[in-house]
J.: 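Quick one: this structure, given as C-alpha cells, is what I'll be asking you about.
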Protein chains: 2
Amino acid sequence: MNNNDTLKDAGLKVTHPRSEILDILQANPDMHLSADEIHNKLVANNQSIGLATVYRVLTQLEVAGLIQKNQFSDNQSSYEIKKQHHDHLICIKCGKIIEFMNDDLEQLQEKISKDYNFRLNSHVMTLFGECSDDKCAGKK
Amino acid sequence: MNNNDTLKDAGLKVTHPRSEILDILQANPDMHLSADEIHNKLVANNQSIGLATVYRVLTQLEVAGLIQKNQFSDNQSSYEIKKQHHDHLICIKCGKIIEFMNDDLEQLQEKISKDYNFRLNSHVMTLFGECSDDKCAGKK
DNA sequence: TTCCTTGCAAACGTTTTGCATCGGT
DNA sequence: ACCGATGCAAAACGTTTGCAAGGAA
C-alpha cells in the first residue's frame with residue numbers, strides 16, 4: 001500500500017504536502033524528526049512547503065494514528081512513523097535513540113495503575129543513559 | 001534546617017527571591033507548579049519578584065539538586081521540591097498527579113539498560129489514565 | 001464548483017537574555 | 001565596595017492561527 005492509499009484510508013484528502021511528509025517519515029522509520037527537520041528535508045528536496053503546513057499536517061497524521069509524536073526532554077517535539085508500541089532509550093552523550101519493547105514493563109504498568117485505581121490509557125517511558133558506541137560523545 | 005541554610009549549603013547566596021521560591025515549593029511538596037503559578041503565588045503574597053527571576057532561580061535550584069523539573073505532556077514545565085525518587089501517574093481528565101515508587105520498575109529499567117549496553121543515568125516514566133475520583137472530570 | 005488545504009505573515013505562550021540597578025556578604 | 005543577583009523590557013523559540021489564494025474531488 002502506498003502513501004496515498006494510506007492517507008485515503010485515514011480519511012484524509014491526498015495532497016502534495018501530506019504525501020511528501022508521510023514519505024519522509026516512512027523512509028526514515030528509525031528516526032525521530034522534529035517539525036523543523038522535516039521541513040528542512042522538504043526544502044532540500046526542492047519542495048516549497050511552509051513550516052506551518054508541516055505542523056498542521058503532522059497534527060493531522062497524528063490524530064489519524066499514522067504517526068507518533070514524542071516529547072523527550074528537549075523543548076521540541078519529534079515525530080516517527082507509527083510502528084508497534086515501544087519505548088525509548090536515549091544516549092545523553094550522542095543523542096542516539098534506541099527503541100525497545102518489554103512485556104514485563106507493560107504488565108508492571110498495568111499493575112501499578114490498578115493499584116491506584118487508574119484505568120491506564122497511555123504512558124511515556126524514556127531511559128536516559130550513556131551508550132557504549134565507540135563513536136559516541138560526538139554530535140548533538 | 002531552614003531554607004536559608006539549605007541555600008547556603010548548596011553554595012547559593014541567600015537572596016529574597018531564592019528564599020521565597022524555595023519556601024513555596026517546600027510548603028507544597030505534593031504540588032507540581034509551573035513557573036507562572038509560582039510567580040502568581042509570589043504576587044499573591046505581595047512579593048514583587050519578576051517572572052524572569054523565577055525562571056532563573058528555578059534553574060539554579062534544579063542544578064543545585066534542591067528541586068526537580070518535570071516536563072509532562074503540556075508545553076509547560078513544572079517543578080516540585082526534591083523528595084526521594086518517584087514516578088508519576090496523571091489523570092487525563094482532572095489533571096490529578098499521583099507520585100509512586102516501584103522497586104520492580106526500577107530494577108527492570110536497570111535490566112533493560114544493561115541489555116542494550118547503556119549505563120542508565122535517569123528516566124522518565126509517566127502513566128496517563130483515568131482516576132476513580134468521584135469528583136473527577138472537573139477542572140483542567 | 002465546492003470545500004478543504006495551503007502559504008505567508010502575524011500572533012501566541014513559554015522561556016531566555018541584555019542591561020542598568022540593586023543588594024548580600 | 002565588590003560582584004553576583006534582580007527587575008524590566010525586549011528577544012528568542014517552537015508552535016498556532018487568520019486570511020486570501022490555490023487545489024483535489
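Each chain gets a letter, A, B and so on, in the order its sequence line appears, and its residues count up from 1.
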J.: Compare all side-chain heavy atoms of B/Phe100 with those of A/Asp115 and state whether any distance is below 4.5 angstrom.
T.: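 B/Phe100 does not reach A/Asp115 side chain to side chain.
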
J.: Summarise protein proximity over nucleotides 12-25 of chain D in one line of letters, 5' to 3': B for base, S for sugar-phosphate only, - for none, counting protein heavy atoms closer than 4.0 Å.
T.: --SBBBB-----SS

J.: Taking the nucleotide of DNA chain C with the closest heavy atom to each, which residue, A/Ile49 or B/Leu12, is nearer the 5' end?
T.: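 Result of the comparison: A/Ile49.
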
J.: How close or far is atom C1' of C/dT5 from atom CG of A/Leu58, stated in whole angstroms?
T.: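 To the nearest whole Å, that distance equals 15 Å.
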
J.: Can you tell me how far P of C/dT14 sits from CD1 of B/Ile38, to the nearest Å?
T.: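 About 14 Å, once rounded to whole Å.
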
J.: Do B/Met125 and B/Phe72 belong together in a cluster built from hydrophobic side chains that touch within less than 4.5 Å?
T.: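 No: no chain of side-chain contacts under 4.5 Å links B/Met125 to B/Phe72.
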
J.: Using a cut-off of 6.0 Å, state whether more than 12 heavy atoms not belonging to A/Lys114 lie near its atom NZ.
T.: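 Check fails, neighbour count at 12 or below.
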
J.: Minimum heavy-atom separation for A/Tyr79 to A/Leu25, with atom names?
T.: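 It is O-CD1, 3.9 Å.
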
J.: Taking the side chain as every heavy atom from C-beta outward, state whether A/Leu58 and A/Ile67 have any atom pair closer than 4.5 Å.
T.: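 In contact.
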
